[in-house]
Amino acid sequence: MSKFGSSQSVTRVEDQRFLTGAGRYTDDIAPQNALHAYVLRSPVAHATFTLDTEDARNAPGVHAIITAEDLAAAGLENKMRAHVIKNRDGERGDASPRTILAEGRVRFVGDAVAFIVAETLAQAKDAAELIELDFDDLPVKLDLAPGGPVIHETAPDNVAYDFHLGDEAATDAALAASARTVTLTSHDNRIIVNSMEPRSAFAEIDSDKLHVAVTGQGVWGTKGDLIKWFGLSDGQVRVTNPDIGGGFGMKAMEYPEYRLVALAARQTGRPVRWIGERTESMLSDNAGRDLDVTCTLGFDADNKITAYKVDSLSNMGAYNSEFAQAIQSNLFARVLCGPYDIQTMYFRNRGIFTNTTQVDAYRGAGRPEAIYALERVMDFAARELAVDPLDLRRTNFIADGAFPYKTATHELYDVGEFNRVLTRAATEGDVSGFAKRRAATEAQGKYRGLGVAYYIESILGDPSETAKIELHEGGARLYVGTQSNGQGHETVYRQILHDQTGLPFDQIEVIQGDSDLIAKGGGTGGSRSVTTQGVAMRKTADVLLSNLTDFLDKNMETDGMTFDAEEGVFRAPGSNVVVTLLEAAARAEAAGEGHLATSEETTKLPGRSFPNGCHIAEVEIDADTGQTRVDRYTVVDDFGVLMNPMLAEGQVHGGVVQGIGQAITEQVVYDQDGQLLTATFMDYGMPRADDVPFVAFYTEEIPSTANPLGMKGCGEAGTVGALGAVANAVQDALWPLGLRQVDMPFTPSRVWHMLQEAKRQVAAE
């Protein structure tokens, strides 16, 4: 195996341009003569409104103002796509569309009202000030419960959907017959994604073709929307994703601005550009999490789980965002039972509309929420049952010999050795030495806690993917259907192709994010990229090499030509004939068979893979201030076969930091009128470097049988495990004080108030 092949920690080739300012982000590459767009957004959370744009349309530099009325006049549908799931009564969930531009009624602060296009951004903003908005306020609903002021007439009690899975009667009966039951309600706080690069887009008419560039996680959804919206043909629309500065699920779906820049470019005949400012992004980007989950576990006399019942309420915000209904229902259910042998379960989830920004996918999309709820109640149960939290997990793990294992929620886990991973984590995390560290912390007047979380996640998204390889004189062009958002795809895809062909990295060009260059792809999301794309690449390379081998045998009158991937050459048995891959491509071209130097294949994974692992966190809490600090952090993951361990470790580090951020510092806060109080980095607690400890990362390789590469995906794993580990560590630290209900985020103020409550309880006794 060469030094650049699979399972090698090759440094990222793309970082050279990123770190030297040579990245090509959407706002950097917008046409120089582009008009600037600005979105006028609602300053109130719930109201009917009228608007007068006459003065603004006549303002200096203004080329266009687009409102809902203008969309109707142009015959364009004023709604965005959203997946609607089936309710437990068999009917469909509420299908109230999210409008592109508010139409007579706004439903959250930041709702888009008008799109202003001018020569300069300053002129667009000045024109927005001239638009007369008359509001009649409506009552605001913010609580996460059915009922309250109606947001959509089609959703009684503001219930967007009512999903269920499992056998409620059997679960209730099993719980009633259990030796012990334990119930815990946990809150999963709302976060703002805050990708490094805000959302942005530009549109232009290029040779009668509409070209739209967006900061997205794929191009084909946007292209399909534009084709349908404008009634265009496939060949009339091109969508591109240049470099993307972070997506995390938030950029996986459609937004109003992407269609509006396209419309404005068509109307004005000029390129149009838009980029969200930071506070604008905080107001209008899809938020994440925000749900209340009540979990009940039943146990027999040997502490084996007898039944599991989950009832959750998830905040949808003001509208059905694209994937929102599926996130906390179907996707949550994928890993509802985690790594445990639970045969009897019932899950109910209701989505609730509120006058807040819409909620959709955020790193993990349903799986972190499910694992957080499960691992919180497992840890809580261990304390209530007076057993070691690690032992309770071992008692209930799916046995090594039970795989492939069909879960109660109909997932098929292909492989797993959960106890092996847990044991390694306990060793690497020095769990046996915790008591000594706790005593040392207490001697300093602080509290210390250890928390464990064992996660499993289901790799989601389209199981199909396409790859295309073109050989040319200077090397190879590799076209992929996924989209890097900073994960290092350009490096790992080069590794995969190098591993099969022997081509050096500098001879491989990775091309992504252009709907003109690759006809179909699944984009990035659900930790699918390297697994699905890698399998497609392997198949494409196999076909390419097979075709060239047959050609050489025929052309050179040899028999049994073979390809040496280590050296990147074809060899004829019994002779000294050696032909490099690029020479073979050139020979085919010269023979009039240049098509043999190109291969394009689409593959489909036979099943999902299930990354899993154990996170162990230790926290210190200052008794006087409530300041909570994550002091130690250990992760042992089973990602199957790793293509690049260094990139996997980086992905885990990033995910853990996002989990620590949500657990310790991040929280979206609205006032009673629905105004966002955390709309700047001065108010919203993004984690900083000194909030994060060294993250010790280890792997136990148990290859997946669900794909020929044995990989399992790793992009979201860090976040899936981090929430429960940190929260359980805080619970452990505060349990001796009598505190039984602790919820994220563990900010100094919140923890200080918990400590005061503990003191009041002691005083009352």
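All residue numbers refer to positions in the sequence shown, counting from 1. Just so it is clear, the structure is predicted and the values come from calculations on it, not from any experiment.
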Residue of the set Lys539, Arg528, Arg538, Lys604 for which salt bridge (Lys or Arg N to Asp or Glu O under 4.0 Å) holds with Glu465: Arg528

Plane angle bin for His489 and Tyr493 - parallel if under 30°, tilted between 30 and 60°, otherwise perpendicular: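 Tilted.
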
Mutual orientation of the aromatic rings belonging to His498 and Phe505 [parallel < 30°, tilted 30-60°, perpendicular > 60°]: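 Perpendicular, since the angle between the ring planes exceeds 60°.
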
Would a 4.5 Å heavy-atom cut-off, applied to side chains only, mark [X] and [Y] as touching?
{"X": "Asp360", "Y": "Met253", "answer": "yes"}
{"X": "Lys209", "Y": "Gln236", "answer": "no"}
{"X": "Leu71", "Y": "Ile100", "answer": "yes"}
{"X": "Gln487", "Y": "Leu647", "answer": "no"}
{"X": "Ser233", "Y": "Ile227", "answer": "no"}
{"X": "Thr26", "Y": "Val214", "answer": "no"}
{"X": "Ile518", "Y": "Val480", "answer": "no"}
{"X": "Phe115", "Y": "Val261", "answer": "yes"}

Test log, rule side-chain contact (heavy atoms from CB on, under 4.5 Å), inputs Tyr413 and Ile456: CA-CA 10 Å; Tyr413 294 172; Ile456 189 167; 3.6 Å; yes

Keeping [X] on the side-chain end and [Y] on the backbone end, is there a donor-acceptor pair under 3.5 Å?
{"X": "His36", "Y": "Trp274", "result": "no"}
{"X": "Asp462", "Y": "Ser464", "result": "yes"}
{"X": "Thr580", "Y": "Glu583", "result": "yes"}
{"X": "Lys712", "Y": "Ile702", "result": "yes"}
{"X": "Arg238", "Y": "Ser515", "result": "no"}
{"X": "Asn320", "Y": "Pro97", "result": "no"}
{"X": "Asn707", "Y": "Met711", "result": "yes"}
{"X": "Thr215", "Y": "Ser200", "result": "yes"}
{"X": "Gln533", "Y": "Thr482", "result": "yes"}
{"X": "Asp564", "Y": "Thr562", "result": "no"}

Of all pairs that satisfy ring pair (Phe, Tyr, Trp, His ring centres under 6.0 Å), the ones with a partner from residues 207-245, not counting sequence neighbours: Phe202-His211

Closest contact, heavy atoms only, Ala34 versus Val272: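 Minimum heavy-atom contact is CB-N, 4.3 Å.
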
Smallest separation among heavy atoms of Ala572 and Met561, with atom names: N-SD, 3.5 Å

How many angstroms lie between atom [atom1] of [X] and atom [atom2] of [Y], to the nearest 0.5 angstrom?
{"X": "Leu121", "Y": "Arg273", "atom1": "CG", "atom2": "CZ", "answer": "9.5 Å"}
{"X": "Leu471", "Y": "Glu589", "atom1": "CG", "atom2": "CD", "answer": "11.0 Å"}
{"X": "Asp550", "Y": "Leu552", "atom1": "CG", "atom2": "CG", "answer": "9.0 Å"}
{"X": "Ile496", "Y": "Thr540", "atom1": "CD1", "atom2": "OG1", "answer": "11.0 Å"}
{"X": "Phe639", "Y": "Glu701", "atom1": "CZ", "atom2": "CD", "answer": "12.0 Å"}

Asn33 atom CG, neighbour heavy-atom count above 12 within 6.0 Å: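 Yes, the 6.0 Å shell around CG holds more than 12 heavy atoms from other groups.
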
Flag if over 12 foreign heavy atoms under 6.0 Å of CG, Asp208: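 No, because the 6.0 Å sphere around CG of Asp208 holds 12 heavy atoms or fewer from other groups.
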
Can you tell whether the side chains of [X] and [Y] come within less than 4.0 Å, N to carboxylate O?
{"X": "Lys251", "Y": "Glu197", "result": "yes"}
{"X": "Lys468", "Y": "Glu470", "result": "yes"}
{"X": "Glu257", "Y": "Arg199", "result": "yes"}
{"X": "Glu119", "Y": "Arg270", "result": "yes"}
{"X": "Lys520", "Y": "Glu600", "result": "no"}
{"X": "Asp243", "Y": "Arg24", "result": "no"}
{"X": "Arg259", "Y": "Glu254", "result": "yes"}

Side-chain donor-acceptor pair present, [X], [Y], cut-off under 3.5 Å:
{"X": "Ser527", "Y": "Glu716", "answer": "yes"}
{"X": "Ser609", "Y": "Ser704", "answer": "no"}
{"X": "Gln500", "Y": "Asp542", "answer": "yes"}
{"X": "Thr491", "Y": "Glu14", "answer": "yes"}
{"X": "Tyr255", "Y": "Asn286", "answer": "yes"}

Side chain to side chain donor-acceptor pair (under 3.5 Å) assessment of Gln495 paired with Asn644: CA-CA 8 Å; Gln495 282 186 263; Asn644 186 320; 2.6 Å; yes

Worked check of side-chain contact (heavy atoms from CB on, under 4.5 Å) between Leu642 and Thr699: CA-CA 9 Å; Leu642 287 175; Thr699 60; 3.8 Å; yes

Derivation of the side-chain contact (heavy atoms from CB on, under 4.5 Å) call for Leu503 and Leu582: CA-CA 9 Å; Leu503 286 171; Leu582 297 185; 4.1 Å; yes

Lys406/Glu411 under salt bridge (Lys or Arg N to Asp or Glu O under 4.0 Å): CA gap, chis, key distance, verdict: CA-CA 6 Å; Lys406 186 73 171 286; Glu411 289 291 281; over 6 Å; no

Full working for side chain to side chain donor-acceptor pair (under 3.5 Å) between Thr558 and Asp553: CA-CA 5 Å; Thr558 58; Asp553 269 335; 2.7 Å; yes

